[in-house]
Each structure stands twice: as C-alpha cells, then as structure tokens.
Amino acid sequence: MWREPWGGRLSSPPVPGAKARTAGLRGACGSAKKTRCIMDRECSQLLPSVCAVLADSRQLVADDTFLEKFLDWFKTLTETESSLLLLQENPCLTELITCVLKLKDPSSSTLSFILRLTGIFAASESCFQYLQQRELLISLFGEVGPLSSALWEEASVRSGWVQGVHSMVQHQSALHFLCSCGAIEVIFTLQGDPSLFVASAANQLLVHMLTFSLQSFQTKPENIKDCDWPICAQKLIVHIEESLKSNSASRIKQSLKLLTSVFGCCHDLWTEVLWSRLSEPIVYLLEEEPVHAGHSLVDLFLSMARSPVFSCPECSLWTSVTCALEHLNPAQVGRLAVGVLKLQECPQAVKIQALSVLLQPMDCVLKAASQPLEYPGLLNRSVNDSATVETLLSCRSSCASLLCQTLTHLEELQYLTCLPVDLPHIPLLQSVVTILQFCIGLATPASCLGNKISRILIGCFRVQRSALDILGALSHWESPSVFIGSVFDILLAYLKSPDTSPTVLKKSFQATLKWLVSLSEAPSSKDHWQQTEQFLQDLFLVLQKRLCSPYWEVRDSALEFLTLLVKHLREKEGFRQVLFSSEVPKLTEDLLEDPESYVRASAVTAMGQLSFLTHLISKKPGVENGNVKEKSIVAQLKEILSTDSEGFPRRAVISVFIDWLREGHPDVLKDTEQFVSSVLQAVNSDLDWEVKAGGLELAEVFSAQLLGRLGLAACPYAAVLSSATRSTHLSESLQIFCQVKLFEFLFGALCDCDRPVAQKACDILIALKAELCDESSLKEGTSAGLSTEARGIAWLEETLRRWSSCAKPCPRGDADEAGSQDPNGVLLVLRTVDLEGLHRSLNRSSDHIEKSPQSLLQDILATVGTLEENEADCY
Amino acid sequence: MLDCGLDMTSTLNFLPLPLVQSPRLSKLPGWVLKDGNTFLDKELKECSGHVFVDSVPEFCLPETELLDLSTVDVILISNYHCMMALPYITEYTGFTGTVYATEPTVQIGRLLMEELVNFIERVPKAQSASLWKNKEVQRLLPAPLKDAVEVSTWRRCYTMPEVNSALSKIQLVGYSQKIELFGAVQVTPLSSGYALGSSNWIIQSHYEKVSYVSGSSLLTTHPQAMDQASLKNSDVLILTGLTQIPTANPDGMVGEFCSNLAMTVRNGGNVLVPCYPSGVIYDLLECLYQYIDSAGLSNVPFYFISPVANSSLEFSQIFAEWLCHNKQTKVYLPEPPFPHAELIQTNKLKHYPSIHGDFSNDFKQPCVVFTGHPSLRFGDVVHFMELWGKSSLNTVIFTEPDFSYLEALAPYQPLAMKCVYCPIDTRLNFIQVSKLLKEVQPLHVVCPEQYTQPPPTQSHRTDLMIDCQPPAMSYRRAEVLTLPFKRRYEKIEIMPELADSLVPLEIKPGISLATVSAVLHTKDNKHVLQPPPKPAQPPASKKRKRVSDDAPECKPLKPLLSGSIPMDQFVQTLEKHGFSDVKVEDTAKGHIVLLQEAETLIQIEEDSTHIICDNDETLRVKLRDLVLKFLQKF
C-alpha cells in the first residue's frame, strides 16, 4: 500500500487509505466551484441534449430525483445570474417549455417539472415578460393549460402548478397576471385538495400572496372599510372571511391555518387591521357548542400572541384568548395555556387564568383522593366548568391523555427561567404524588371520581412516565420535610415494585437523582440530611436488587443512575459512607463481566466514577476488607479495552480514561506517561473508529496537559519563558511524546480509513506542529542538517512506515527498538508533511464530485442511454 | 362434581415434621391455659407466641355434609392441584361414579399425592392429638386455632393404596374430546393454559351450555395455550381458580426471584425455594437457565430434592402434545422441550429423592435448593429451614401462592435467614378476566363471593374484582344456587322412514306443518320418534298371543284442529240449524254460548272447546260438527 510514489510532491497527503479519495477531490475541486454560480461551458454544451431528452415523451427519465436536482441547480443559477440572459443564451430551455406544451401526452412528472421550472424563471420580472410575450405563462398557468387537461387529476401536476406559481410571485406583474387569469380561484379550490401536499402548498401560496401583496402596506388606515388594499389581498380576505363564516369545518380549518401562518411569519402593522376585520367570525367560532376547530384556534392564538403587533395589553386578542381558555375543551386548551405562560408580554390576568386551566385536572385528582377540607386544593376559583374535566377524567379513553398532556405542560413551566405567576408548588407536588399513588394502587379514592380514576390509572405506564418527569422537575423548589418524605416514599415504591416497567424505572431513577442533587445543593441540605441518609440506605438496597435483575435494561439503568449519583454527590461524606457500606460497589464491579455489552459499558463508566471514591474511602480502616480485588481497576479496564469483543465497553473505557486524565485520577497520576502509552498502544490496534477517536482525545488532553505543565501552551496569561528555557522545555516535551509513542499513534490515525479519525489526528498534529515547530526549532532542525532535501523522500516514507509498523502491538516485545522515535526526526516530519493541505482535503465531503451540475446532466443522459440499451436488448 | 381439591392450609396449625431429630422443636414448651391448666401441654406447643398442634398434620376435606357423595355420578378434574382430595371421596363416601381427567393431570397428580404420602409417612409420629378438637376446648385456644373451621372433619393423609385405588377410577380424556354423560349432557375438556393437561370444561345439552372455567392462564408459559373460542355462547360461565395474588404480576415476580437469588448467592449465602415438584418450577428452571450465565452463577449448584423429582422432570419432557406451540416444535427437531434437560446434562441441576444418600455426598455450598413442601410443615424443606435458618446470609424465597408465608414461617421463629415473598401465580387476574368475559360473552357469570368485592385488606382497589354486565352471581360456602336458565327443549330425532311419510301443509308462506303420528322411544335420555306399529291384524288363529308380541294399541287417529271460531258466523250457523235462543257471553278466556232451550252450554276458549249438555249425545255430536266446520284439520 505504500508502493505508490508521492510524485515528488510533499504536499500530497501521506495517507495511503485516503490517497485515492484526496486525488479525486483535487481533480473535481476547480469545476465544482465554477459551476456553482454560473453556467459553465461544459454544462451549456450538455444542456441541449438533456432538454431534448426531457422533451421527448418516449424517453422517460427513470429517476425523479434528477429532476429535483435539476430544479435546485436552476434555482441557484437564477439567484446568481440573470434569468433572462440564461434563457437567451440557452434557447433550448424555452424550446423545452414550448415542446412539452405541444406534447399530446406528456408524462405527469415532466409536466410538473416544466411548471416548476417556468415558475423559477418567471420569478424575475424581465424573464416573466419574456415568457409572457411568448404566451408560455398563460399556456401553462391559465385556464387553457394543464388545468383543463386530464393530467390535472395527477397530484404531482397540481403540486407542480402550485409550486410554479409560488416561485413566480415575486413581483406585482405576477400578481396581476394571476388575478386576471383566474388562477386565484384555482388556488382556493386547491386548499381543499385531496392530496395533503397540494393542499398545504396551496395554503402556503396564499399566505405568500397575501404577505407579498401587502408588504408595502405599512401604515395603519383610520378606517378599515375604506382601506385601499390591493385587489389580490382583498380577494383573499373576502375568501378567508367567507370560509370562517361557512359551516364547513374543513374550510374553517384551512382559513385558520392560513391565518396562523400569516400572523406567524409577518409582524407588519397591517396584520392588526386584518385581525380587526376577522376577529368577529373567529370569536363566534369560540362560542359555538362544541367548538369544532379547537386545535386550529389554539395554533392561531399562539401565533398571534407571539407577534409584537398584538403584545399591547389592551389588544382585543387577549379577550379572545380569555374566551378560548374558557370555552375550549380541556384536552385542547392546555397547549394554549402553556404557550400563554411562556410569553413575555401578556396581561397578568390572562396568565393567571392560563395557569388555572393547567392546574384544574390536578386539582380534580387531588380532591378525588382527599377528604373534604383535608387539602385546600390547587385553585382558588375554577376557571372552567370542573364537570367537563371530571367527565374527561372518569373516561378511560380521555383520562390518561388529559393527565399526560397536563403533566407535560406543567413540567415545561418548571424549566422557565422566570415563571410570571405564582405556582402553588406544594399542592402541585401533592397532586403529582397522588397521581403516582393512583398509578400503583396506593391512593385511596375519596369519591366516585376517585374510584374511576383509580381503576383507569392503575398500571398506566404513560401517566407514570409523565408524572415522574414532572416530579423530578419539581425538585428545584424548596419543600418542607413532610413533603420530601412523601416524595421519597413514592419514589421508593416505584423503585422497589417488581411491576415497574424498565422505562418507568428509568424515569424513577431520573426523578430520584434530581431530588437528591437538589437536596444536596439546597441551602437547607443539612436539615434534610437525616431524612436523605435513611432514603439513601433504602435506595442502595433497591439498587443492589436492580443490579442483579435478569433484565439487562434494568441493570443498565441502575448503573447509569449510580454513575450520575456518584458524579453529583461524591463530595458528600455521608453519601460515600452509605454507598460503601452497601454491596453496590462490589456488584458494580461484578457487572464488568456482564454478558450484555451495554451493561458492561455502563459498569465501566460507573466504575470510572466509583474509583475516585474508592481511592478516598480505601484509606479508611475497615473498608479494605470487603472490596479489595486482586486486580486493580485500571488493569481491569485496560483488559476490557484490549480484549472485549464489543465496541460499547471499549468506548466506555476510553471515555473513563479521558475523564481520569482530565481530572487527575490518582492511579493515572502515579505514572501518567506509562498510562497514556499503554492506552494508546491498545487503541491503535482497535478497529472501532469511536475508540480511536477517544484515543485521539486522550492524546490531545495528554499533550495539552504536558505542554501546559511546561509552560508551552498558548495561553495568553502564561508567563513568557525565555527562549533558552522554552527550548529546553520543548525538547523535554518532545522527548516525552516520543517515549509514549504519541506521533506513531497520531500518524497511524492520520492514515485511518475513517475520515473523522483522520480529521481529528490531523487537527492534533497541526496544533502540535504549531507548538513544537516554531521558527527557532525549525532553524535548529535545519542547522542540524535535518532538512528533507538532505534526507530525501525515501527517508520520509521509510520513517512513516517504521512508525506505522511499530505502533501496532509487537508480539516479540522489540517494539521499543523498532519504533523508537528520534525527536529531531519527528520535528522534520511534522514540518515536511503538508498537514494543512491534508486538513482541507479531509474536510471535503467524499461525494462532492457527484454533486456537480455537470455530473447531474451526464447522469440524466446516461440513464436515458441505459434505458435505450435495455430496450434494444429486449427487442 | 367439579374438582375435588384439598385444603392444605390446615397443616399450618401443626408443628413441622423434621427429618432428623430437631432439639429446637422437641424442646418447645407445652401450651398452658391462662388459668394455669396444663391438660393440653402434650398436644399443643408454643413457639414465639404462636401455638401449634404437635401431631401428624391433618387436612381439611371438601364439604361432605351438604350432599351424599355416593350419589355423585361424575367428577370432572381441572388440574392436578384440584384432585388432591380424590382418595377421600372415592374411598370413603361410597362413590361409584367415574372421574374424568387428562393424562398429564393424572400422572402429575399421582406424583403430587405420592410426594405428600411419602413426606408424611417417612416421619412417623406416634402422637395423635384430638383433645384440642373438642368444641369446648377449641373455644379456649388462641387464634388461629380458635377460628379453624370444621376441625372435627380434618383427616390424616391417605395412603398409597388409597391413592392407587382412587386413580384407577379415573377415565382419561383428551382436549376437545366429547364425552356423553348418560345421554343427558356432553362434557368436553378444553385447554386452560395453566398447567400441563389443565382443563376447563364445557357441559352442554342440545340447547344449553355451561362453561366451567377453573385455573386458567393467558400467559405464555409451558402449557398449551388457553382455548377461549370454545367458551363462547355459554348460558352460564362458572368462574373460579383466579390468581390468589392479583397484585403480583408473574413477570415482575420472576424478576424479583432472580434478583434475590443472585444477590444471596453472590454474598455467599444459600437459597431455599419451597415448591411443588411440578408446575411453576419448570418455568423457574427455564428462567434460571437463561439467567445464571448473565448473573455469573454458572458455578452455583442447583438441587431439586423430591421423592418424585426424577419422574417430574422426565414426565415434563414427554407430554409434548400438551405443551405450548414453541415447545411442541422443539420435539420435532428433536430437542427436549424444556431446557432443564441441558441443566441436568451439564450438571448445573442435580436432583435427588431426598437429602439422604447421594445428596449428602454431592452437597456444596453456596447453592440453590428447590424442595417441598411449600407449607414448610413436612418434606425435606423442614431440614433446610432448620439448617440454614440461623444465618442471615441465606434466603428462603416463597414462590407458591397457596400458603401465607408468614404463617408458614411461624414455627421457625426466631429466624435469621432472609425471607422473600415472590408468589408466582400465573392464573387469570381481574384485567384478564374482564377481557376474557368481553371476548366469550356468557349470558351469566357465576363465581365465588370473594371475586365480586375488593380484597378486605385493600378495600379501595375496586379494580381487583369482577366487573361484568349483568353483574356476576356470587355464591358462598354451602350456599345452594339456582343457575339462571331453564331447560325448555329436548331434541327428538325422527326416523328416516317416518320422515318420508310426512306430508307438510303450508299454512303461512314459509311455514309448513305436518301431523306426526309416531311412537316416542326414550332411552338413556335420548328421544327417537319411530313409525307407529301397523294396526293390529285380527288374530289368524285362536292361539294365545305371546307377551312379546304386545304392541301398543293403535286407535284411529283423530285429526288435529287449528284456527279460531268467528262468533257471529257461529251464532248464525246455530240459528240456521234451529237453535233459536242463542246467547253469547264474553269471558276472560273466550266465549260461552248458551243454548237455553236445549239447556246446553258451549265453552269456547283459545285452546279448548267444551260442549256441556245433559246426556244428549246426538245433540253433542251435532254441535261438535258445527264447531268443527269453522276449524282447519290436519
């Protein structure tokens, strides 16, 4: 693989695996750049043949994606150069349109393509006129065109028509044209098209037409009725108004969707005028019983509420939002309520009402499990008729959905940086705990509704998951001991229960972690410590059992939880004591040999964390007895790195080693160089690219640490070293890098078949080159007679080959001799190899040649040729 | 009789039967009454505040007072757990009927009985306590002895000859086999999915269908899946044998079992699993087969100790047709359907008839021991409880749901070993029952009263009861229920030659009638219409007729009448025939026509007409003919 000479160019990459790739990249680089902006000669030459193929109804282009790519190319072209010029210089394009129009029986895909292509050209006003003069636009988009042909039945043709019109509407002439040729009515019809794609595109087109026609209309007229809006806009508004007043649910929904998009994308003043005109029929929709287009109305109000045009507290929008909060079904209104609560600008009264809407189902649940007067409840007053909520809660089909939605919305609120209203978090916490109790049959119903809720919720995993999510989120509030106790109780119940599903168990672990972390960080953490310690003791008993579970998901979740728990609480002396008085550390170590690779990986990560503590705790008398293993944890992890057949555990080991190196793990600090050297050697022979990438990260951390320690890192605040000291430190660091065989590893990775590995190795080498090969060292190297010219290419090849071979594990143990690096040689290699050029090559996507327009055109022609050949064969 | 299970919870009131002399048990103090009276101290012993009978354990028999069991013709057995009282019924009550059960039920039932007899007989106990059973004395005893019911009927265990005799009365049946019972009903066993050979039964006549759903399971364990479809269209569904622990999901419990087992063994402790020799143990061994490697327990020995351990493990492998689909397909590979064969082959599982003999040589700790009896009152388990009870490293894991684990452990207190309760009951829970009832839609459900209300300890769990429409009919002990259906119809077969002779007359479009004159022949509850014998010929000779020639006397057949009599026309006809003084009175059931002059009364009702005249036969015949004119004849 090294036989091929480098052609005398040291700038070409010394990467055998990547050689073919980079050579290809160089070849295509020039043409790709050119054709991206303008039509080049090669493409111009190919275009007539391609157009001829496309215009020939017998020559079907098999792959539709060619046409899409073709359109994308023209879109780019028309954005950068004159569309008119393009048409004039390439008359084959106009001929193509004319030709397809004349075809008796064009294919639907070709016709759709032509509609879209013409739309792209017609976006330019001059080009629009050019096409108009040739009566191509009226033939394509007018009543006599595809609209009246049988092909209009094809959704792709209708879609092409809408997209063509959408592209075209970039100037007033296009709008006039559409108004005059009756196209607007067609678009109105297409809003209700059976194809959802066409209907959605038609709706978006109307949004675009409305905003485009009114984009210059910035002032607010005194009298709405007398406003002088363009004809097209007026037509559209009348259509929307009529739809809203119609009894057709689908028409109402289409108009509401249209308005949602308009208010969402356009924040001009005219939108306020539009709302004034349409608010009446919209409010009327809210007053209907039952409200039909609830979800669409919520979307509309949320879209409007986010527009600065309506942020004024006196705006009539808020009256409508209030009305919606009162009238909409509780299952629909939650999204509106949470949306309102997230707004910066919103009247306080509306926010309070929105919060009440969200709290109402929780209030009902709390009351269903409490004796009257036992709890005051969550709400001072009820916004909606609580009977509606109760009905939904007592029905199997709606109860779980309503509760899940409500819990999710309330959880979202917990993560808001600033909650604009007072959240009754204690009653909310109680209600969440009550729901969780209902779900495992621990709650005692206090009413008929409670009985129904109990029957529905027992064993309902969906609600359990949502409730555990919010329970975790509620941990950031300061809570009195009694409530912390009830939280701990319910969490333990879920963690202990054999019926807890693996996904619910995972959520339980997450919620537990959040509570423990919050409590440990709270100012009052000492007050709760006794309670927490008792909980931890119970928790570790459960964890022991979960670590022995026959289900790997459970063992895995338990290990992940343990890892995070140790990570967050390892500074707590009490935590460490409870942890090491349990069997958990021993069981975790046992799981390093679990048959399931995911579990082994998690056990590795957990042991990585635990080993920080083991070090602390093993100094204490009495702890050694139980947990001392014959083999150290470093040795165990290294063995996994070298021998485990699955990638996950090996990746986990390398991540742990990186953490250890970063955080200064005592076992690593004992002999960092030896540690890094052995790890790099193991990683070098690994076939998993992620392990290799991890090894590179380790190398990066190691080199940064070493350079930093010797004062060589590029830190603006570091003391400037004298040149002599710097030179000494440089050579010292270089010596160490050579000892750990860092460069062998890095150059090996540079030749890796996986691009991310090669890229990362290249990055690190460039950084090291910047540090190590400064001018002085270069001079030094040159003066020492180490120039490339002096040693020659053969030497460079030979050096790299030697490094490559000795970076692999050597069975005979003579690797040291074979691979011992000469620091000066390393410097010379670093200086010689064009790392920057290689970096550029590696950053290019491997398929960039195939993306060129020339390639596309050739592909189209080639495909047709293949088809012809096949036909001939068949004949 | 549907099933005959044995209530073994009575044995919990007795002291365990140790295999070797137990100093601890023999030193237990006798129980003394509050007033210091010691007359019961030989019979009753006290252990950690509980009082136990120091005698051979006794069992509570099925109800025998309510009906005379000698009148029972047939006993249908659902599964091997539900036949443990069979020897008491067949050998002591004058029972002469037939018992129906599937082959695995009989074979494994025999193993269970054999084990039970062996456990009791190999530890003979000289003492037999009976004083405490005296009602006056029992009143003075502490609970639960005080509250034990029908103690006078409790009996010692049966013997092997009795078992053999009882089993000889069993007729083997296969799933979906139709068995005629005296022509009256047909019974059919269906797979119930609970245990090897376990069955639900359909009892049906031509027009009625009663389903008896006993221990059934919808879970995918080793037995053949439950046959639900055949239970459809039942008039009555008798539902029993639901899970005893509705809050314990078997999957979760198996997970608990494995986790606790692994934790104990990893800490150097032993695990004791009191169990029956068949049933859930097969599933547990299969589960452990998959788990032991992942839990690093490959080197831990598993021991299965029972007098019938070998037979049980081997029987399970040969009942291929009674196994679930997956296991059946293995047989054709051919592979043993249960993986415990491999465990035995690789020496991971070893089985012994008892702790004596080979076991003592092979015994290595830490280990896992499966042994009986789950009540902890007899069997090898007693030895292990005594042996391992003192160390907190060891664990006893209860998997059988039949006994309260706290009561089972009471005579072993104080106990240092850990106790884990993982009841694995695969029988139907209430959610599954609800789905099953929706699926099979019986007209009525009949079930024990306990299933119609939440468990007393969890009165808020309204989900733990049967919820169906119409509400289930419940019954309690010794209650007599009338099943909510009446037998209205019988099916009668008609002989082909008789059918040929019929001439149907269409009286309405689509409805034809024909009169049938035949002899109804009834035998073994089957009814057949046979052609009537030909009219008796005048005797050709004056020879005396032989008795066997006696045929039923065949009178000339009268036509059948139908239709109604229009009163106005009838009166006109009467007048036309000279009856001048005709009066008609309406009655609740019809009309009365009075012929005052003739002193005659014609009573016309929906289904009868009476002519009441004073011995004037001519008049009666005349009037009869007038009435007949208005009716159609067949």
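Atoms considered below: every heavy atom in the structure, side chains included; atoms not considered: hydrogens, waters and symmetry mates. Each chain gets a letter, A, B and so on, in the order its sequence line appears, and its residues count up from 1.
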For the candidates A:G450, A:P595, A:S497, A:G459, which exhibits the highest count of non-hydrogen atom pairs separated by less than 4.5 Å from chain B?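 Among A:G450, A:P595, A:S497, A:G459, the one with the most close pairs to chain B is A:P595.
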Between B:R266 and A:E583, is the closest basic N to carboxylate O distance under 4.0 Å?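 A salt bridge is absent here (no side-chain N lies under 4.0 Å from a carboxylate O).
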[X] [atom1]: over 12 foreign heavy atoms closer than 6.0 Å:
{"X": "B:Q453", "atom1": "CD", "value": "yes"}
{"X": "B:L415", "atom1": "CG", "value": "yes"}
{"X": "B:Y451", "atom1": "OH", "value": "yes"}
{"X": "B:Y289", "atom1": "OH", "value": "no"}

What distance do [X] atom [atom1] and [Y] atom [atom2] have between them, rounded to the nearest 0.5 Å?
{"X": "B:N260", "Y": "A:Q544", "atom1": "CG", "atom2": "CD", "value": "10.5 Å"}
{"X": "B:D463", "Y": "A:N451", "atom1": "CG", "atom2": "CG", "value": "10.0 Å"}
{"X": "B:T462", "Y": "A:I458", "atom1": "OG1", "atom2": "CD1", "value": "7.0 Å"}
{"X": "B:T247", "Y": "A:D499", "atom1": "OG1", "atom2": "CG", "value": "8.0 Å"}
{"X": "B:D251", "Y": "A:S501", "atom1": "CG", "atom2": "OG", "value": "12.0 Å"}

Looking at every non-hydrogen atom in both residues, tell me the closest pair between [X] and [Y] and how far apart they are.
{"X": "A:P498", "Y": "B:M253", "value": "CG-CE, 3.5 Å"}
{"X": "B:S259", "Y": "A:S549", "value": "OG-CA, 3.4 Å"}
{"X": "A:L442", "Y": "B:H460", "value": "C-NE2, 4.3 Å"}
{"X": "B:E256", "Y": "A:K496", "value": "OE2-O, 4.0 Å"}

Looking only at heavy atoms and a cut-off of under 4.5 Å, which of B:G255, B:A262, B:A248 has the most pairs with chain A?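 The candidate making the most pairs under 4.5 Å is B:G255.
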Check: B:D467 and A:R455 side chains under 4.5 Å, non-hydrogen atoms: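 Yes, at least one pair of side-chain atoms sits under 4.5 Å.
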In terms of heavy-atom proximity below 4.5 Å to chain B, should A:I456 be classed as side chain, backbone, both, or neither?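 No part of A:I456 comes within 4.5 Å of chain B.
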